[in-house]
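Each residue takes its place number in the sequence, starting with 1.
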Amino acid sequence: MFRRILEKTVFLLYTLLVLFVCVAAGVYWNLRDDLPQLPDSLEKINLSLPTEIYSADGEIIKVLGQRHPVNLENISPLFLKAIIAVEDSRFYQHSGLDHIGLTRALYVNLQRRAIVQGGSTLTQQLAKNLFFSFERDWVRKVKELLVALQMETTFTKDEILEAYCNQVYFGSGAYGVEEAAQEYFGKRAQDLNLLQAAMLAGLPNSPNNANPFINPERAMRRTQAVLARMEREGYISQSDREQALQMDLGLVNPRIESNPNQYFVRFVIDKLAEDYGKEFVHYGGLKIYTTLDTRFQQLAHRAVDTHLKYLEKRELKSGIEDPLQAALVMLDNRTGAIRALLGGRNYSESQFNRAVSNNRMPGSAFKPIVYMAAFEKLGYTPATVVEDEPTKFPVPGSEPWEPSNFGNKYLGPVILKKALMNSLNTVSAKLVYNLTPRRVIQTARQFGITSPLGDNLSLALGTSGVSPLEMAAAYSVIANQGILNEPYFVQRIEDFRGNVLYQHFFHGVQRFSSKTVYPLLNMMQGVMDEGTGRVVRQLGFHYPSGGKTGTTNDYKDAWFIGFTKEYAASVWVGYDNNQPVVDKNGNGLTGSRGAAPIWAYFMDKALEGKGRVNFPKPEGIKFQKVDTKTGYLPDLMTMEDMEVAVKEELNLEKPVAPETEVIPPLPPDREVTTVPTPLEDDALPKL
């Protein structure tokens, strides 16, 4: 009986073994053509090419994934023991697949009902890092195992361990133990003490969460776990572990570059990593050709640094702990290429990229979008007259909203061109009230603004957060007379062989007709020449251009956004903690004082030596002077006139009442009721 059971058991095991071999052979046969060809030496993989990022003018602005491979004898034995103990304690016993470790991990995961342990060996992890970083399905796991088995039969254990130590990612941009030792402790890998070795060994499993620069408490808990594992595996004694925990970790300050290009570079890396994966971007041997103009970027940094230092020293109220910050974005109107992107005044002090963050309110810089909505959806023109007066707007379920002009000054009846030039809040509010906020939001989307916008009347005053990049793109549409070119930052990507992996082809989309946009463009030229943006002219910038200031009611945000025929640029100034920007006299900092000088200096230097290119007038547009109070052609009663750009078919002559007809006397026996002849409605709508 026992013999029969034993024979059946042996037969079953033999059958399962044969079945496993057949399945494995079949899988290998189907996947063999997809498996990578192993080099004759793993050192060749360690010397693979780094990724290079270029500016538009051909300068290398960043090199990623640079490795500093070292031999096994130049790595601290303490680190080698630590990494084996925590990642693959049976490394020297298995042949690429650790059956015991895999079973143990499966048991622990089932017991805890979560994936808390992995069963991959160091060889499998090396195979994944080298060849399969981007696949996420079971096929990848099978390929990974097959390559690991092939590695084990081709190379020695020490060769595999050395390659692993030089390939694995330790966080903070450090690939390989030598670079990690330099990054975190400022020393060679061979000089690591026990505590430092244990901390580095704990990073590959979670390079971001256990990063000592980002989360020192979690990093130390992970280090303690590594030391406990080393003691359990017999690599160190209890005394060694206790002494290590008393050591000084010797963590150095993070190395942060102060190069102003870094805001743009980090933006590019993060965006590409979302699409291609961090490993491919850092370690793909790519050549990434960006749109950045390094001369413009240097000018942007100089303009921001100079003016902010002046404001802090000469004008602003002292005692503010946070430094004043700024952001600047410049776009090429013809293509949408980002030529400059500065996310703050100093990258080494703050890596937060304010140029692409949409948490700041644009204030009056949003008004051109409101006016464009009125032109498109209500048929208004720059000569349309609106009554500038204190007004209360009903708000369902709340108190009426009553916006006020800067300085509480009101002009009475005024044409829209002058209203924009003087940035009259009540006029903008009336436009939004007649349009409804939803229709203004629709127009903002046509301009390319994607940030969430509040469906409320205060949208008229720019109370929804946007980014400087978005605002530069929106104003670029005006400069392009209705054509939207989506902003982009990478022109071309090549692999290490020179094959083109990606190339950007721009194509503009006509979002508005040129006849509708050009009158707004002309109005914004008026803002620059005689309105709230005239400070730019006073500072010496005389190129044909248009623009608009922006200041929030509480002086937390100061903006200036403007454009020439070729470029659009936006500038934001404020505090990160949303504190009002106030000068020594208690007055708030406006866009004309805070942001416009930065824009003027930057654009003047950027365009130095270039010709003055005017904006072409589209067919069907005429220029005419009108009375700023009536919107009609000037007459003897006109106190002030202003030139406007309007469609040719628009009649701006003031309607004249017909002469009274002389009616002869009626006979005494006849009566008539006299009905006055009605005057024609004004040719232009009034509010």
Side-chain angles (χ1 to χ4, degrees), residues 253 256-264 295-330 340-355 357 359-365 406-407 468 528 532-541 547-562 569-608:
N253 292 325
I256 301 174
E257 300 180 60
S258 59
N259 190 321
N261 295 338
Q262 291 309 305
Y263 284 108
F264 178 82
R295 185 177 78 89
F296 289 169
Q297 190 74 359
Q298 290 289 343
L299 290 174
H301 179 259
R302 188 186 309 164
V304 165
D305 186 62
T306 301
H307 189 60
L308 294 191
K309 285 180 178 177
Y310 165 79
L311 289 174
E312 289 176 331
K313 184 177 180 180
R314 298 287 184 86
E315 293 203 20
L316 297 188
K317 182 180 179 181
S318 59
I320 305 297
E321 294 183 4
D322 288 356
L324 192 63
Q325 287 290 353
L328 186 151
V329 176
M330 180 200 219
L341 188 147
L342 190 69
R345 64 191 296 180
N346 192 322
Y347 187 81
S348 63
E349 294 177 358
S350 173
Q351 294 81 56
F352 177 60
N353 195 336
R354 300 156 188 85
S357 174
N359 65 332
R360 307 308 298 228
M361 294 187 293
S364 295
F406 185 79
M528 190 82 87
T532 58
R534 62 186 177 276
V535 63
V536 171
R537 300 302 189 203
Q538 295 168 358
L539 290 169
F541 184 81
K548 183 73 182 73
T549 54
T551 310
T552 52
N553 285 340
D554 44 18
Y555 300 102
K556 294 177 180 179
D557 304 277
W559 294 75
F560 189 86
I561 312 167
S570 64
V571 176
W572 166 87
V573 173
Y575 290 115
D576 284 342
N577 61 3
N578 270 321
Q579 187 169 343
V581 186
V582 180
D583 65 17
K584 295 178 179 179
N585 298 319
N587 300 315
L589 189 72
T590 62
S592 60
R593 291 170 58 204
I598 296 174
W599 191 96
Y601 174 87
F602 167 71
M603 290 293 286
D604 193 53
K605 294 297 182 182
L607 297 176
E608 201 168 49

Under 4.5 Å between any side-chain heavy atoms of [X] and [Y], yes or no?
X      : Y      : value
Ile598 : Leu328 : yes
Val581 : Leu324 : yes
Met528 : Lys548 : no
Gln297 : Leu342 : yes
Leu299 : Met603 : no
Tyr347 : Pro260 : no

Without hydrogens or angle criteria, can the side chains of Thr532 and Thr549 be said to hold a donor-acceptor pair below 3.5 Å?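 Result is yes, a qualifying pair exists.
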side-chain contact (heavy atoms from CB on, under 4.5 Å) assessment of Asn353 paired with Leu341: CA-CA 9 Å; Asn353 195 336; Leu341 188 147; 3.6 Å; yes
If a pair satisfies salt bridge (Lys or Arg N to Asp or Glu O under 4.0 Å) and one of its residues is in residues 590-599, list it, with sequence neighbours excluded.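 Passing the test, one end in residues 590-599: Glu315-Arg593, Asp583-Arg593.
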Who pairs with [X] by side-chain contact (heavy atoms from CB on, under 4.5 Å), at least two apart in sequence or on another chain?
X      : result
Met361 : Thr463, Thr552, Asp557
Tyr555 : Phe406, Thr551, Thr590
Thr306 : Arg302

Are more than 12 heavy atoms from other residues, nucleotides or ligands located less than 6.0 Å from atom CG of Asn577?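 Counting other residues, nucleotides and ligands, CG of Asn577 exceeds 12 neighbours.
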Can you establish whether the number of heavy atoms outside Lys584 located under 6.0 Å from its atom NZ is more than 12?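 Yes, NZ of Lys584 has more than 12 neighbouring heavy atoms, counting only those of other groups under 6.0 Å.
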Quick one: [atom1] on [X] to [atom2] on [Y], what's the gap to the nearest 0.5 Å?
X      : Y      : atom1 : atom2 : answer
Lys605 : Glu608 : NZ    : CD    : 5.0 Å
Phe602 : Phe541 : CZ    : CZ    : 10.5 Å
Asn346 : Asp305 : CG    : CG    : 8.0 Å
Ser592 : Trp559 : OG    : CH2   : 16.0 Å

Decide yes or no on side-chain contact (heavy atoms from CB on, under 4.5 Å) for Phe560 and Val536, but give the supporting numbers first. CA-CA 10 Å; Phe560 189 86; Val536 171; 3.7 Å; yes
Worked check of side-chain contact (heavy atoms from CB on, under 4.5 Å) between Leu311 and His307: CA-CA 6 Å; Leu311 289 174; His307 189 60; 3.6 Å; yes
With sequence neighbours left out, write down each residue that passes salt bridge (charged side-chain N to carboxylate O under 4.0 Å, His left out) with Asp576, or none if nothing qualifies.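 Here the qualifying residues are Arg354.
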Closest heavy-atom pair and its distance - [X], [Y]:
X      : Y      : answer
Ala326 : Val304 : CB-CG1, 3.7 Å
Pro323 : Tyr575 : O-CD2, 3.7 Å
Tyr601 : Ala303 : CD2-CB, 3.4 Å

Test your reading of the model: is there a side-chain donor-acceptor pair from Gln325 to the backbone of Val573, 3.5 Å cut-off?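 Not a single qualifying donor-acceptor pair exists.
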Using only atom types and a distance under 3.5 Å, with no angle test, would you say the side chain of Ser570 pairs donor to acceptor with the backbone of Pro468?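 A pair under 3.5 Å: yes.
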Identify, with sequence neighbours excluded, every residue that meets side chain to side chain donor-acceptor pair (under 3.5 Å) alongside Asn261.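 By the side chain to side chain donor-acceptor pair (under 3.5 Å) rule, Asn261 matches Asn259.
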Is Arg345 salt-bridged to Glu312, cutoff N-O under 4.0 Å?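 A salt bridge links Arg345 with Glu312.
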